[in-house]
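Values reported hereafter were calculated over all heavy atoms of this structure, with side chains retained and with hydrogens, waters and symmetry mates removed.
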Amino acid sequence: MLERLVEYVLEQPENFCAQLLLQDMALCQAWLESCDGDGEEAGRVKALRDRVVCWQQAEPAAVESTAGRRQQMFLREAVSRIQRKGLDALSNSEVFFLHAVDRLLTQVVNPERFARVERLLRRSRDRLIQRCEGIRPTPHLPDLSGLIQYVTEADILQAPVRDTRLLAGIELPCRGPVLSASCHLRVLGDVPERSTVVVEGAGHCCVDGYVMGRVLSKRQCEIRGNISGVAVVLHGDIRARSIINNAQVIAKMGSVYCQSAQGPKLVFAGRRLSIAGDTMLGNYIARKMDVGNDVRGGRIQVSELVQAKHFRHLGANTLSVVLRRELNCEDFGEVTGAELKKLLSRAYRLRSVAHHFEAVGNLAQNEAERSAQSVLMYVFGSGEAHRKLGSLMRCQRRIEILNRIENNLRDLLETARDGLTRRETSTAPDLQSESLALFDDSDPVDDDLRKEHEDAVKLRERLRARGLDRKQRTLIMQQTAAKLEHVEEEKRAALVELERKEKSIQTLEPYEKLVESSGKGASKLEVLQRVLPTLQQQTEGPIASRLKSGFVTMELRKISQRVRYAEDYRKRAEDTLHEFRTVTDRLGEDFQVEVLERPEDESLGARAIGHFDEGVSIYLEVVTEDPSEQPPGTVFKTEVDDGVRCYIRERDHVRFHRRRE
């Protein structure tokens with residue numbers, strides 16, 4: 001397909017030469033040298049040589065204002081392979097091509113514009129010359145056609161006409177010519193309307209003009225002009241000048257870069273969406289999004305961060321920002337078949353179970369720590385300390401129960417959030433049977449704690465009901481979040497009370513010295529495990545007597561049990577996360593779908609930063625298209641403010657603060 005490049009260059013006027021790329025002219029130079037001496041090609045060889053000389057002598061063209069300038073993928077890859085594997089990793093034709101690049105640069109006007117390429121090739125120059133001596137490449141360089149192809153708009157229009165319903169699993173029905181390539185592809189011109197260009201395998205797609213039709217690539221897609229049609233990339237990035245006129249641009253697991261955007265139907269970036277200038281209307285979904293200037297109307301959805309100079313809310317051009325917990329494949333219209341649904345469901349469940357096991361393991365470890373503290377206080381304390389220790393332990397027990405209720409509510413809340421993320425009905429996994437026992441009949445339990453537990457059970461039963469819609473699920477999520485906040489307040493109060501009780505025990509000087517001598521980072525459990533063997537060797541005295549008491553015996557048994565639980569649950573969490581990662585690897589490889597391992601990390605809650613006009617809508621999740629029908633607390637309206645603000649998603653509400661410029 002290098003013939004197409006040769007024909008294209010010969011068809012252009014001489015003053016067009018300055019716009020041609022180094023890669024293109026080096027391929028032309030290698031082609032004409034491979035055909036030199038062929039009588040049938042003498043005319044084209046002479047004409048092409050004149051074009052090469054014209055290109056070398058032409059003043060460089062002005063730098064374009066576009067993000068899609070990286071059109072020389074074949075040259076970039078060849079130079080990269082020399083650096084990584086050496087010259088022996090290249091075929092004779094590739095070496096001949098790089099030698100042509102090197103020779104072109106010795107006579108070009110303003111060589112400093114190619115200084116980087118010249119520097120990279122300088123170390124291999126002698127080897128290039130040596131390998132090219134005595135080698136005559138095959139005429140027309142046919143082996144390079146398996147590495148890079150050139151096509152024009154006419155070639156695309158002459159491709160076989162097909163009916164297609166899905167494009168990379170996305171519902172995009174179309175009837176028109178479909179051109180496929182299994183290597184690097186460079187389109188010399190536009191991709192016409194109702195036509196499709198597909199680049200399979202590890203090849204990159206480069207479009208010299210506009211995309212008005214459809215482009216699908218597994219790796220990179222570089223578009224020098226605008227996108228008004230469809231561009232889909234599975235793993236790599238999409239770069240273009242502007243995205244306009246109901247375009248659909250989807251980088252499933254990569255990023256999108258452009259100069260501006262106006263009215264796209266959808267721009268989805270699994271990683272990052274970067275727009276150098278302004279956006280006007282349209283729908284944008286990304287993990288991270290940055291806009292160099294203003295956002296004017298439209299809808300933006302991010303799961304980590306959106307940042308712009310100014311968020312404009314202009315009359316009918318309303319602007320809404322959705323601070324998402326997580327993105328999913330339905331955001332870009334993936335048609336989820338049975339296998340994909342099964343894998344997604346399994347990934348969400350494994351993630352929930354793994355997090356639950358981690359939390360229960362931490363609870364067991366904390367309870368062992370509390371018991372170790374009680375044993376040390378009892379062994380090294382006096383009669384007064386023993387009298388106060390009972391009250392202290394009741395407070396500890398209250399905190400343990402609050403921790404377990406809190407953990408159950410967090411499990412429930414994560415399940416509710418997953419149901420919103422997947423946009424389908426889902427039942428809450430019953431993890432309570434896998435948890436530590438909530439109540440111990442041998443200990444008295446405050447009535448309010450039993451009531452908190454009963455309320456949590458009722459919420460779980462409501463969430464497990466069939467047929468819940470998104471609004472009902474959101475309301476249950478809000479009620480769960482409110483209950484969780486109440487339990488957290490109760491726990492904070494109990495911790496303050498526990499600290500007060502600990503300080504009230506003043507006769508524990510040996511205990512305090514022991515803890516202090518063990519180092520700042522040592523836990524009470526570590527201290528007990530270190531000193532217990534020595535203490536147990538004592539046969540007489542008050543310490544020996546206390547070690548043999550029923551209280552210490554019971555607490556040591558509890559510590560041993562809790563440590564065993566902690567190790568067991570953490571091992572189960574590790575095994576479950578390993579299984580989760582196996583499933584998500586399959587989702588990424590086969591379906592280009594990513595499920596985050598820890599979206600619940602609120603320290604990384606989605607944020608929106610910039611100047612905001614009054615009336616911009618900040619959503620947690622979009623339950624209905626009518627803001628008035630959103631559940632209370634899930635939509636926030638910005639107010640007048642002159643400074644930069646940062647709106648942050650925190651669990652199930654939005655807060656904001658002023659940010660210094």
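Listed for the N226 side chain is no donor-acceptor partner under 3.5 Å among the backbone atoms of I243. Looking at R324, its side chain never comes within 3.5 Å of a backbone N or O of I285 through a donor-acceptor pair. Checked by atom type and distance alone, the side chain of R51 pairs as donor or acceptor with a backbone atom of Q12 at under 3.5 Å. In this structure a side-chain-to-backbone donor-acceptor pair under 3.5 Å is missing from W55 to M25. For R214 (side chain) and R194 (main-chain N/O), no donor-acceptor pair under 3.5 Å exists by modelled atom type. Between the N328 side chain and the E330 main chain, a donor and an acceptor come within less than 3.5 Å of each other. Between the side chain of D278 and the backbone N or O of D294, at least one donor-acceptor pair lies under 3.5 Å. A donor-acceptor distance shorter than 3.5 angstrom exists from the side chain of Q23 to the backbone of F74, with no hydrogens or angles considered. A donor-acceptor pair is defined here as one N or O able to donate and one able to accept, closer than 3.5 Å; such a pair exists between the side chain of T638 and the backbone of V616. A donor-acceptor contact shorter than 3.5 Å is absent between the side chain of S345 and the backbone of K341.
Counting heavy atoms from C-beta on, the side chains of E222 and M73 come closer than 4.5 Å. Between V215 and C221 there is a side-chain heavy-atom pair separated by less than 4.5 Å. Looking at heavy atoms from C-beta onward, V211 lies out of side-chain contact with D190 at the 4.5 angstrom threshold. Residues V207 and C205 meet the side-chain proximity criterion, which asks for heavy atoms closer than 4.5 Å. No side-chain heavy atom of Q220 sits under 4.5 Å from any side-chain heavy atom of V233. In this structure, the side chains of S195 and P177 come closer than 4.5 Å at one or more pairs of heavy atoms. Residues V117 and L105 are in side-chain contact: their nearest non-hydrogen atoms beyond the backbone lie under 4.5 Å apart. Between N245 and Q262, every side-chain heavy-atom pair lies at or beyond the 4.5 Å cut-off.
Contact between S617 and V635 at its shortest, heavy atoms only, is CB-CG2, 4.2 Å. Minimum interatomic distance between L216 and L234 (heavy atoms only, all atoms of both residues): CD1-CD2, 4.2 Å. Closest approach of C183 to Q149, counting heavy atoms only: SG-CG, 3.5 Å. Annotation for R312 and D613: closest pair CA-OD2, 3.3 Å, computed over non-hydrogen atoms. Between I156 and P192, the shortest heavy-atom distance links the atoms CG2-CD, 4.0 Å. Across A231 and I227, no two heavy atoms sit closer than the pair CB-CD1, 4.1 Å.
Ion pair R165/E171 flagged as a salt bridge, since at least one NZ, NE, NH1 or NH2 atom sits closer than 4.0 Å to an Asp/Glu carboxylate oxygen. Salt-bridge formation is detected for the pair E64/R224: a Lys NZ or Arg NE/NH1/NH2 atom is positioned less than 4.0 Å from an Asp or Glu carboxylate oxygen. Between D102 and R122, no side-chain nitrogen of the basic residue sits less than 4.0 Å from a carboxylate oxygen of the acidic one, so the salt-bridge criterion is not met. Remark: R351 engages E326 in a salt bridge, criterion side-chain N to carboxylate O under 4.0 Å. The pair K252-E594 does not meet the salt-bridge criterion, since no charged nitrogen lies less than 4.0 angstrom from a carboxylate oxygen. Ion pairing between D237 and R272 fails under the 4.0 Å rule for side-chain N and carboxylate O. By the 4.0 Å N-to-carboxylate-O rule, E597 lies close enough to R581 to be salt-bridged with it.
Put simply, OG1 on T584 and CG on L596 are 10.0 Å apart, with the number rounded to the nearest 0.5 Å. Considering CG of L20 and SG of C28, their distance stands at 7.5 Å, rounded to 0.5 Å. Atoms CG and CD1, from L2 and I148 in turn, are 7.5 Å apart once rounded to the nearest 0.5 Å. Considering OG of S303 and CG of L327, their distance stands at 4.0 Å, rounded to 0.5 Å. Annotation: the span from D155 atom CG to L188 atom CG amounts to 9.0 Å, rounded to 0.5 Å. Rounded to the nearest 0.5 angstrom, D590 CG and L343 CG are separated by 8.0 Å.
A donor and an acceptor atom, one from each side chain of H184 and E77, are located under 3.5 Å apart. For the residue pair T164/R175, the side-chain donor-acceptor check at 3.5 Å is not satisfied. Using a 3.5 Å distance cut-off with no hydrogens or angles, the side chains of S80 and R76 do not pair a donor with an acceptor.
The aromatic rings of Y8 and F16 lie perpendicular to each other, with more than 60° between the two planes, well past the 30° mark. Relative ring orientation between F311 and F612 is described as parallel, the plane-to-plane angle staying below 30° on a 0-90° scale split at 30° and 60°.
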Apply side chain to side chain contact (heavy atoms under 4.5 Å, CB included) to the pair N283 and Q301, showing each step before the final yes or no.
CA-CA 8 Å; N283 183 25; Q301 302 183 56; 3.9 Å; yes
Just do the side chain to side chain contact (heavy atoms under 4.5 Å, CB included) check on I170 and F332 with the steps written out, would you?
CA-CA 7 Å; I170 304 169; F332 52 80; 3.8 Å; yes
Begin from the C-alpha positions of L344 and C329 and carry the test side chain to side chain contact (heavy atoms under 4.5 Å, CB included) through to its verdict.
CA-CA 10 Å; L344 280 172; C329 58; 4.0 Å; yes
Would you sort out whether R296 and L319 count as a side chain to side chain contact (heavy atoms under 4.5 Å, CB included), showing the intermediate values?
CA-CA 7 Å; R296 301 172 181 270; L319 173 61; over 6 Å; no
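When ring centroids are compared, Y619 and F636 stay outside the 6.0 Å threshold. Taking the six-membered ring for Trp and the full ring otherwise, F268 and Y284 have centroids separated by 6.0 Å or more.
For the pair R4 and Y150, the cation-pi criterion (under 6.0 Å, within 45° of the ring axis) is not fulfilled.
In the displayed structure, R116 atom CZ is contacted under 6.0 Å by at most 12 heavy atoms of other residues, nucleotides or ligands. In this structure, E200 places its CD atom where more than 12 heavy-atom neighbours from other residues, nucleotides or ligands lie under 6.0 Å away.
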